[in-house]
Each structure stands twice: as structure tokens, then as C-alpha cells.
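Once you've had a glance at the structure underneath, I'll fire off some questions.
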Amino acid sequence: MTEQIEQVVEVKVRKPSVQDLPGVGAATAEKLESAGYRDLLSVAVATLGELCETTGVSESVARKMVNAARDSMKMGFETGIEVLKKRELVQKISTGSEGFNTLMGGGFETGAITECFGEFGSGKTQIGHILAVNVLASNPDAYAVYIDTENTFRPERIRQLAEGVGINPEDALSRIMVARAHNSDHQMLLTEKVDSLITEQGKNVRLVVVDSLTSHFRAEYIGRGTLAERQQKLNRHMHALAKVASSHNICVYVTNQVMAKPDQFFGDPTASIGGHIVAHASTFRIYLRKGRKGSRVAKLIDAPALPDGECCFEVQGQGLVDRG
Ligand code: GTP
Ligand code: MG
């Protein structure tokens, strides 16, 4: 009965697209789309230089496009009440470790990017697997997306962790969408595809893991001359991830390596890859390191309205276990 009442008549209204902008014909629309301007928001926040360069239009046409895109959408302020309402939708994904959850204010947040950086074997990939299983355990129709750049996703491990939290391992595996990214362009394309998993395939994606965020960028852009180009591209990638997080209330978890800073004598002699670009785009940043006797230490570096702090845990068969 109630199902019948709740049936809604679907009225299909076509969303305005870049094609509807003044001065944009089919050819320009194609150029815009292949340069990553797939919706009006991306045009509305683009710089004129970028638009002219990617599409070959004159500056005055680019200006008209940007203005029209801006006019067509609600861009501006919202009240604190509206922000509060959005905050109420935020979910926290458990790490399985009480100490780690407390450090993160309850767990890894949806609607935000969380970056874990640390040396090899510090637990970044394990955390990705654990978050995936825990998000699936918390909601029977949730999906997790795993963008794997280093071929370290392990279905056997998912199975073991699923048993650890008491959910059906095959069901868990069927709700993880895994894609191997072969290079940085492919990685960026896969990020865009997350949107169609949700809007076209109707999957309730709650977590997107990018493991590792920077390995392809690091390998492809070698030498000082290419650094600016790499950072620009990484910046675009971070924006795309931030958009995924905020427009669909998804937890985006990215892993990052560290590089040695040989000139640093005091403090920690390591720095994360991608520098301030990745750091600023991430809402939460965690530094992971190996502790004593096989333990791992997570240090919260950056988080809105949470105190900095540390916790200690161990990766075990069934998941993360607190260590004192
Ligand atoms: P890189 O990707 O090489 O930079 O390392 P990472 O930070 O991703 O490390 P990862 O998460 O792969 O591994 C961290 C540690 O978790 C390993 O050194 C192991 O001690 C432990 N570990 C990995 N897999 C398992 C597992 O299946 N069971 C158990 N008990 N521990 C594991
Ligand atoms: Mg790893």
C-alpha cells in the first residue's frame, strides 16, 4: 500500500549543459568536455585564460560563457542553518579502532577528503580495505569504489575483513567497484566515472578510495621542469575529488607517500608528495608511521574543529586493533 502511495511521477527535466552557453556550438562543447568542463559549475569557476586555451575562443566569448554559467546557477551564500543541515547528513565511517575513531571525531567523514601519508608498510592500503568493509557493514545498500594505482587491492583481504566484522564476504566483494588506473590520466577519468555510477547506475556510493593518489603523478613527471605541470594536473584531480565528496556526500580517502628531506635535521625528515596542493585540498590529514613492536601510529595533522593528536593501533587479521 505505502509503496503505491510513495510512487512519484518522474518528470524528466533536462539539466542545462555547456552546450546551452552563448557562443558554444557542438565543436566547442566537445572541446570543453574533453578538457574536463562537463557542467556549468566547472565553466562558472574557470579562468578566462584556461577557457581560451582549451577551446580556442576569444576572450570576450569566454567571458560571456563564464557570465552566463554564473547567472544560471545559484552561487553564493547560504545560512548557517543550511550548513548545519548539511552537516547533519555527514556520516562517519569506522576504522574499527576506538582510538583512531576518537582521533577522527567518530570516524572518517563523508563529504570530505581524508589523506593518509606515510612510509611504505605504514598501513595506508590496509586502512583503505578496512574503511571499504566497514562502510559496507554499516549500510546494506552502500557501495565502495576503489581506484587502485599500484595493484595492491586484494579481494582475499576484503573477504577476511568482512568475516571479521560479520558480513557476508561475497556480498561485500559484490559491493566494491574496483578499477585499476594505468596512468594519471586514467586515474582522473575514473574519478569522473564515479559520478555516472551514482547518477546513471543508481549505486549508493559512500566511499571512494584512491590508493595511491600520487604514485602515477610522481612517476610521470620527473625533474624540476615538469613540476609546475604536475602540480596543476594534481590540483585539477583534487578538485574533481572534492566535488565527488561534496556533491554526493561521499568519504574520499586518498593515500600518499612521503619523500625524504635530506636537508632537514630537526623534526620529521619527511614530506608528503604533492606538497601544498594535496595538503590544502584534503580536509583531514593523517601522518602514519611505524611504531614499536609492529604497532602503527596515526597523527592527525590537519582537521577542522578537531584537536591534533595521536593514536596507536596494530593491523591484524580481522582489522585494526587498539594498542595502548
Ligand atoms: P605502501 O603502499 O608500500 O607505501 O605501504 P602501505 O602504507 O600501503 O602499507 P600496507 O597497508 O600495505 O601494509 C601495512 C602493514 O599491514 C604491513 O606491513 C603488514 O604488517 C600489515 N598487513 C598487511 N596485510 C595484512 C594482512 O592481510 N593481515 C595482517 N594481519 N596484517 C597485514
Ligand atoms: Mg599501499
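Residues take their numbers from the sequence shown, with the count starting at 1. Atoms within each ligand, like the ligands themselves, are counted from 1 in listed order. Computed over heavy atoms, backbone and side chain alike; hydrogens, waters and symmetry mates excluded.
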Numbered atoms and elements of ligand 1 in range of Thr125, under 4.0 angstrom, heavy atoms: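 Selected atoms, number and element: 2 (O), 6 (P), 8 (O), 11 (O), 12 (O).
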Glu156 near ligand 1 by a heavy-atom separation under 4.0 Å: no
For Phe120, the ligand 1 atoms whose distance to one of its heavy atoms is below 4.0 Å: 1 (P), 3 (O), 4 (O), 5 (O)
His248 and Asp195: side chain donor to acceptor below 3.5 Å: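 Checked: His248/Asp195 side chains pair up, N/O donor to acceptor below 3.5 Å.
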Residues Glu33, Arg38: salt bridge by 4.0 Å N-O rule: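 Salt bridge between Glu33 and Arg38, a charged N being under 4.0 Å from a carboxylate O: no.
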Side-chain H-bond candidate by donor/acceptor type, Arg206 with Ser138, under 3.5 Å: no
Selected option - heavy-atom contact closest to atom 10 (P) of ligand 1, from Gly128, Ser215, Gly123: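 It is Gly123 whose heavy atom sits nearest to atom 10 (P) of ligand 1.
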Identity and separation of the nearest protein heavy atom to atom 31 (N) of ligand 1: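 Sorting protein heavy atoms by distance from atom 31 (N) of ligand 1 puts Val315 CG1, 3.6 Å first.
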No-hydrogen, no-angle side-chain donor-acceptor test under 3.5 Å, Arg154 and Gln160: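 Not at all, the side chains of Arg154 and Gln160 share no donor-acceptor pair under 3.5 Å.
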Of the listed options Arg296, Glu314, Gln318, closest to atom 19 (C) of ligand 1 (non-hydrogen atoms): Arg296
Metal proximity, Thr255 vs the Mg ion (ligand 2), N/O/S cut-off 2.8 Å: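 No, since none of the N, O or S atoms of Thr255 sits under 2.8 Å from the Mg ion (ligand 2).
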Val61 and Thr55, any side-chain heavy atoms less than 4.5 Å apart: no
Nearest-contact summary for atom 5 (O) of ligand 1 - protein heavy atom, Å: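 The answer is Gly121 N, 2.7 Å.
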Sub-3.5 Å N/O-N/O distance, Gln257 and ligand 1: no
Closest heavy-atom pair and its distance - Asp322, Glu98: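 Of all heavy-atom pairs spanning Asp322 and Glu98, the closest is OD2-N, 2.9 Å.
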For Gly317, the ligand 1 atoms whose distance to one of its heavy atoms is below 4.0 Å: 30 (N)
His237 side chain to Lys233 backbone, donor-acceptor under 3.5 Å: no
Verdict with supporting geometry, Arg87 and Glu109, salt bridge (Lys or Arg N to Asp or Glu O under 4.0 Å): CA-CA 10 Å; Arg87 287 290 304 160; Glu109 279 196 5; 3.1 Å; yes
Protein heavy atom at shortest distance from atom 4 (O) of ligand 1: Lys124 NZ, 2.8 Å
Test item, Gly118 contacting ligand 1 (heavy atom, 4.0 angstrom): no
Heavy-atom side-chain proximity of Lys299 to Asp308 below 4.5 angstrom: no
Part of Gln316 with heavy atoms under 4.0 Å of ligand 1, whether side chain, backbone, both or neither: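 The part of Gln316 near ligand 1 is the backbone, not the side chain.
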Under-4.0 Å salt bridge between Glu200 and Lys193: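 A salt bridge is absent here (no side-chain N lies under 4.0 Å from a carboxylate O).
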Closest approach of any protein heavy atom to atom 11 (O) of ligand 1, naming residue and atom: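 Heavy-atom neighbour on the protein nearest atom 11 (O) of ligand 1: Gln126 N, 2.8 Å.
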Per-atom contacts, ligand 1 versus Glu119 - under 4.0 Å to a heavy atom: 7 (O)
